[in-house]
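Structure, as structure tokens:
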Amino acid sequence: PFVAVDSHGACGVYLGWEWSIGRLTIAADGSRGVRIQAGNRDDFRTDLPNGETFEAPPAFLGAYAGDIDDAGNSLRKYLFNYSMPAFLRNDPGFPKVEWNAFAATGKSQGSWDPVESKYYPFIDDIAPLGFEEVVIDIGWWGDHGDRDSGKITGDPADWPQGMAAAAKYAHARNLRFGLYDNRSEKLTSEQGKRRRIRGISHLLHELQADFYRSDCTAGPVLHGVHGPDQRAHYPEDVGYWTTKGLYEVPDAMYAKNPSFLWEDCSGGGRIKDYGVARRAAKIQNQDRYYPIDARQSFYDSTFAMHPMQLAALDGSWADWQAKGSVYEFRAASMGAAGSDAAIEAADI
């Protein structure tokens with residue numbers, strides 16, 4: 001949620017609204033200037049019990065001299081200093097160079113079903129190349145288990161040694177290990193938030209993952225309803241309490257475990273806002289994986305987001321993909337570098 005108003009490349013202003021839910025309006029009059037407003041929707045309403053404090057989603061306003069590129073340069077300084085996790089500022093080792101093993105470990109090209117038999121040789125290939133992280137994406141599980149326990153387990157047929165063994169193998173080769181989960185919870189309820197926290201905690205503690213990757217292929221990450229057992233009581237406040245719940249989950253994780261890291265995919269950049277940017281190590285920028293799309297979306301998004309958090313994920317499963325494509329890997333190396341290539345690392 002961002003708008004910039006540029007005056008003939010000489011100066012301008014920009015306004016950002018931090019949450020996914022809300023409204024930006026702009027009205028212009030050639031003789032009197034421009035009016036910009038950010039806030040909740042006009043029909044927003046909610047109830048507050050005694051003692052509860054209403055949190056107004058924050059916004060920022062900036063002015064700049066120059067053209068729209070100067071606006072982006074000004075904004076990125078603000079985002080770096082005030083609107084990203086502190087470890088990204090304080091640890092020069094970030095952003096990490098990651099390989100998402102979605103394609104390279106799939107049973108077939110484009111498969112949503114990764115297998116252990118391809119994982120271990122793949123790790124041996126990429127570790128000597130200087131990659132720093134690997135994440136196992138969609139389809140590695142056999143059972144999501146009881147919703148309250150959050151104990152998702154690897155598919156025993158495809159991952160007979162289990163995910164903790166996969167993490168240990170990556171760690172032994174100096175690679176950080178991430179796991180993806182896409183279970184949808186109603187974040188307008190305390191129960192839904194607790195379930196997501198337990199699920200993430202299971203990935204980190206029992207399965208030895210270093211970070212959690214979210215997504216929405218099995219239901220929205222940003223999900224809530226209204227009703228007597230929910231914090232939202234009206235259709236008009238579902239978005240507010242859902243978004244607040246989304247942010248409260250990583251906040252709780254960071255409070256329990258300062259080394260916690262969140263990687264935001266959520267359907268390839270659909271939740272790409274400033275509330276996420278305050279909390280996520282990486283934000284996936286788009287979900288097409290073609291090099292030209294990675295470059296175009298990265299260029300567009302860096303006017304409004306900080307590039308060190310944007311993962312221009314690249315590396316398709318298409319038949320046209322050239323082995324060892326320099327263009328492809330350069331496209332994947334922008335921002336928070338991330339590859340999803342189906343080619344073998346040895347072919348690079």
Side-chain angles (χ1 to χ4, degrees), residues 85 87 91 93-107 111-146 149-183 196-215 250 253-254 256-265 280-282 311 313 315 336-346 348:
F87 60 78
D91 186 341
F94 284 95
K96 304 295 183 182
V97 181
E98 177 186 292
W99 197 311
N100 184 312
F102 166 61
T105 61
K107 286 182 178 177
S111 168
W112 285 15
D113 197 359
V115 292
E116 180 182 288
S117 59
K118 290 188 176 181
Y119 168 79
Y120 288 100
F122 162 73
I123 294 296
D124 291 337
D125 278 346
I126 69 168
L129 298 176
F131 283 86
E132 298 168 297
E133 290 181 339
V134 60
V135 60
I136 305 299
D137 211 290
I138 186 170
W140 56 268
W141 47 80
D143 183 11
H144 265 86
D146 177 76
S149 73
K151 293 189 178 298
I152 181 174
T153 57
D155 186 330
D158 292 338
W159 296 84
Q161 297 183 64
M163 307 316 294
K168 182 178 179 180
Y169 197 83
H171 293 156
R173 284 146 187 82
N174 297 315
L175 287 165
R176 292 158 43 82
F177 180 79
L179 281 174
Y180 164 113
D181 191 9
N182 63 353
R183 185 175 357 216
R196 183 166 288 179
I197 289 170
R198 282 195 291 269
I200 298 170
S201 298
H202 174 68
L203 300 182
L204 303 181
H205 300 302
E206 280 78 12
L207 303 186
Q208 300 298 302
D210 298 294
F211 59 95
Y212 153 68
R213 176 175 171 85
S214 63
D215 200 10
M253 293 300 304
Y254 281 116
K256 291 170 55 178
N257 181 3
S259 63
F260 168 72
L261 291 179
W262 173 32
E263 182 172 300
D264 174 60
C265 174
K282 288 189 179 75
L313 197 62
S339 176
D340 186 32
I343 63 174
E344 294 181 10
I348 298 174

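Using a 4.5 Å heavy-atom threshold, the side chains of Trp141 and Leu179 count as separate. In this structure, the side chains of Ile126 and Leu175 come closer than 4.5 Å at one or more pairs of heavy atoms. Looking at Val135 and Phe211, their side chains come closer than 4.5 Å, going by heavy atoms from C-beta outward. The shortest distance between side-chain heavy atoms of Ile138 and Asp215 does not fall below 4.5 Å. Contact of the Met163 side chain with the Trp140 side chain is registered, since non-hydrogen atoms from C-beta on lie closer than 4.5 Å. Using a 4.5 Å cut-off on side-chain heavy atoms (C-beta onward), Phe102 and Tyr180 make no contact.
Every side chain to side chain donor-acceptor pair (under 3.5 Å) that Arg173 has, sequence neighbours left out, goes to Asp124, Tyr169. The side-chain contact (heavy atoms from CB on, under 4.5 Å) check on Glu116 picks up Tyr120, Trp159, Pro160, Gln161, with sequence neighbours excluded.
Cation-pi geometry between Lys256 and Tyr254 is not met at under 6.0 angstrom from the ring centre and within 45 degrees of the axis.
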### Message
Arg213 vs Glu133, test: salt bridge (Lys or Arg N to Asp or Glu O under 4.0 Å). Steps then yes/no.
### Response
CA-CA 12 Å; Arg213 176 175 171 85; Glu133 290 181 339; over 6 Å; no
### Query
What's the verdict on side chain to side chain contact (heavy atoms under 4.5 Å, CB included) for Phe177 and Val134, showing C-alpha distance, side-chain angles and the deciding distance?
CA-CA 5 Å; Phe177 180 79; Val134 60; 4.0 Å; yes
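Using modelled atom types, no side-chain atom of Glu206 and backbone atom of Leu203 make a donor-acceptor pair closer than 3.5 Å. No donor-acceptor pair closer than 3.5 Å links the side chain of Asp210 to the backbone N or O of Gly178. Although no hydrogens or angles enter the test, the distance criterion places no donor-acceptor pair under 3.5 Å between the side chain of Lys107 and the main chain of Val115.
Between Glu263 and Lys96, no side-chain nitrogen of the basic residue sits less than 4.0 Å from a carboxylate oxygen of the acidic one, so the salt-bridge criterion is not met.
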